[in-house]
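These notes are about the structure you will find just below.
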Amino acid sequence: MEGPSIVILAEEAKKFVGKCVMQSTGSTKLVDVTSFRGRTLTRIRTWGKHFLLCFDKDVIKIHFLMFGSYRIDEDKPGAPPRLCLRFPNGRISFYSCSIRMLDKSATQTYDWRVDLMSRAWDEQHVLQAVAHENNTELCDLLLDQNIFAGAGNIIKNEVLFRLGLHPERTLKSLAASSRQLLVGEMRRYSKQFYRWKKKYVLRKHWQMYGKKLCPNCGTKVVLKKTGKLDRRSFFCPICQPLRTGTGVSKSRR
DNA sequence: ATAAATGTTAAGAA
DNA sequence: CTTCTTAACATTTA
């Protein structure tokens, strides 16, 4: 689950803010499930892929990893929730996810300037952070949660295709103007992802992720695990060349 | 049926 | 000390 999906969850769960937990159940052993009963949910926040349920002095942090899911006011068949919070106006359940408690002070260490979905997202700050990553391949850079919080493998692949960038290019091969385009597109596409996902039309807008043929030129899409993160990259070898330019030596002055 | 995948963390190894 | 590797987590889809 990528950042935009977490923002949609936060909107759906908003109706529980200000409500008191009537009953708390679940199979997680990483938090004391029984301790939430009688406490009021004061706020819901998100940072990247982190979903934060805030109480007066501490916070439940939920991360959905690869397979996590949730349900509101219904049960998921065949799976006991890791955590289910029941409020006077409904309930929310979380499945196969990581659940941790944070002290409230820990949320102050989150930097919302790098959160792709945040109002506080700061292009200049992100460009500065990117500037330290000259030797990093783009496929790894775009998944770095300290720089692009909320970006996942779908966003990575789609953005690289839209800009005609090969996933194994290093940042230093990009001119300053291209870097700025890249950072801006990460933000723009994340917002687009959110709008499409809300309308249940996200998947049909994928141009490269999971595709067989390039929508531009019809060339067979390459699927390769790339980078230190060894994650799947889908790319068109024609539209996303590894080497830039037309053969003119880059070292020419 | 088996494998691989919208992901992260911690522990141990090098 | 840093960087890399592996395991753990555990569900859905192809």
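So that the names make sense, note that chain A is the first sequence line, chain B the second, and so on, each numbered from 1.
A:Lys156 comes within contact range of no nucleotide atom at all, as no heavy-atom separation falls under 4.0 Å. Residue contacts for A:Lys197: at a heavy-atom cut-off of 4.0 Å it reaches no nucleic acid atom on any strand shown.
The side-chain tip of A:Lys19 does not point at the ring of A:Phe87 from less than 6.0 angstrom away and within 45° of straight on. Judged by the 6.0 Å and 45° rule, A:Arg203 forms no cation-pi pair with A:Trp196.
Residues A:Phe94 and A:Tyr70 keep their aromatic ring centres 6.0 Å or farther apart.
Taking atom CE on A:Met66 and atom C1' on B:dT9, their separation rounds to 13 Å, with Å as the unit. Rounded to whole Å, the distance from OH on A:Tyr209 to C1' on B:dA4 is 10 Å.
In this model, no donor atom of one side chain and acceptor atom of the other lie less than 3.5 Å apart for A:Lys225 and A:Ser233. Checked by atom type, the side-chain pair A:Asn135/A:Lys172 shows a donor-acceptor distance below 3.5 Å.
Stem list for DNA chain B (at least 3 consecutive Watson-Crick or G-U pairs, distances under 3.5 Å): B:2-5 with C:11-14, B:7-14 with C:2-9.
Residue A:Ser190 comes nearest to A:Ile155 through the heavy atom pair OG-CD1, 3.8 Å, listed as atom of the first residue, atom of the second, then distance.
Comparing A:Lys228 and A:Leu65 by the nucleotide of DNA chain C whose heavy atom lies nearest to each, the residue mapping closer to the 5' end is A:Lys228.
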